Protein chains: 2
Amino acid sequence: MFGDGELPLYEIKANLFKGLAHPYRIRVLEILSAQDEASVAQMIEITGLEASHLSQHLSVLRKYGLVVSERRASIVFYKLAYPQVADLLKVARQLLAQLVNHSSAQRAAVGALPQLPSQS
Amino acid sequence: MFGDGELPLYEIKANLFKGLAHPYRIRVLEILSAQDEASVAQMIEITGLEASHLSQHLSVLRKYGLVVSERRASIVFYKLAYPQVADLLKVARQLLAQLVNHSSAQRAAVGALPQLPSQS
DNA sequence: TTGCGATATGATGAATTTATCAAATCGTAA
DNA sequence: TTACGATTTGATAAATTCATCATATCGCAA
């Protein structure tokens with residue numbers, strides 16, 4: 001999948017995360033986590049992306065080994081290449097919850113601070 | 001942490017993965033997963049990076065909320081911002097194992113194919 | 001073969017990231 | 001205050017990614 005397989009493991013791992021480092025690609029992977037497979041048309045409808053835009057993102061996901069595709073007649077179906085991709089998304093959700101929670105707590109704390117004197 | 005908190009959640013999630021999308025940054029986070037905290041000097045020694053190079057990467061990790069830093073005198077210590085970061089790395093390792101395993105199996109299968117006639 | 005729906009690929013400019021070096025800043029001892 | 005070790009920040013060029021549009025390709029029915 002990466003030609004002669006000479007790519008360092010850290011590079012391959014970084015590539016996995018690169019695949020995940022775009023909002024639409026996360027959405028695609030989440031759709032594929034929620035159902036066994038999805039056609040490109042389905043994903044276009046769900047994400048609202050234009051066909052060629054989605055296809056470019058799907059190409060990245062294929063390139064980094066996160067999804068696999070299968071053409072049946074004129075319809076192409078995608079699925080997660082490994083179930084661990086869904087696990088990754090799951091943990092990311094938990095991390096995001098922590099982060100957003102913490103961020104909200106920080107903003108509340110700032111809001112409770114005394115007002116600074118104006119500079120004008 | 002993201003100013004007025006107006007960034008869409010998918011953007012924030014993508015940012016998390018962006019933080020992870022570089023080999024040296026993965027290494028740093030793995031070091032911080034393996035021990036409670038590490039000083040910059042320690043990480044310089046382990047990674048072999050130059051100080052300013054490492055600092056730029058640490059800045060990205062801080063920016064995306066993956067690590068927190070604390071200065072004690074002239075030494076700065078870093079730790080994971082949340083334990084879920086370590087979980088993420090753990091699942092990524094499992095995914096990588098699958099991927100590498102599959103990749104090896106694919107290469108073995110190709111190796112077993114009959115040799116194509118030469119084109120010269 | 002032609003035409004068409006579905007999808008992928010190519011191309012390109014803008015935006016962002018990466019790599020690297022120079023300079024600034026921080027904390028502290030003298 | 002000066003000097004120094006430790007670390008961060010600024011700057012910049014090269015590389016890569018992102019966004020978008022045009023074009024090509026695939027599979028199949030007629």
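Remember, predicted model here, so these are calculated numbers, not experimental data. Just so you know, these numbers use all the heavy atoms, side chains as well, and skip hydrogens, waters and symmetry mates.
- Side-chain N/O atoms of A:His22 include one lying less than 4.0 angstrom from OP1 or OP2 on D:dA19.
- Side-chain proximity of B:Ser52 to the nucleotides C:dT7, D:dC21, D:dT9 is greatest for D:dT9.
- Taking 4.5 Å as the limit, every side-chain heavy atom of A:Leu80 sits out of range of all side-chain heavy atoms of A:Val68.
- Using a 4.0 Å heavy-atom criterion, one finds that B:Ala51 contacts the bases of the nucleic acid, with or without backbone contacts as well.
- The side chain of A:Arg72 contributes no N or O atom lying less than 4.0 Å from OP1 or OP2 of C:dT7.
- Contact check, B:Tyr24 against C:dT17: no side-chain N or O comes under 4.0 Å of OP1 or OP2.
- Of the candidate nucleotides C:dT17, D:dT9, C:dC21, D:dT9 has the atom nearest to the side chain of B:Arg62.
- For the OP1/OP2 pair of D:dG27 and a distance below 4.0 Å, the side-chain nitrogens and oxygens of A:Ser74 include no atom meeting the criterion.
- Rounded to an integer number of Å, the gap from A:His57 NE2 to C:dG10 P is 17 Å.
- Phosphate contact (OP1/OP2 of C:dA6, side-chain N/O of A:Tyr78, threshold under 4.0 Å): absent.
- Here B:Lys13 does not pair with B:Glu11 in a salt bridge; the nearest charged N to carboxylate O distance is not below 4.0 Å.
- In this structure, the CD atom of B:Glu50 is 14 Å from the C1' atom of C:dT18, given to the nearest Å.
- Here the P atom of nucleotide C:dT18 and the CG atom of B:Leu61 are 10 Å apart, to the nearest Å.
- Proximity of A:Leu99 to B:Leu16: side-chain heavy atoms (C-beta onward) are separated by under 4.5 Å at one or more points.
- Map B:Lys18 and A:Val40 each onto its nearest nucleotide of DNA chain C; the residue landing nearer the 5' end is A:Val40.
- Mapping B:Gln56 and B:Arg71 onto DNA chain D by nearest heavy atom places B:Arg71 closer to the 5' end of the strand.
- For B:Glu45, the CD atom is loosely surrounded, since the number of other residues' heavy atoms within 6.0 Å does not exceed 12.
- In this structure, A:Lys63 atom NZ and D:dT16 atom P are separated by 9 Å, rounded to whole Å.
- The closest side-chain donor-acceptor pair between B:Glu30 and A:Tyr10 falls under 3.5 angstrom.
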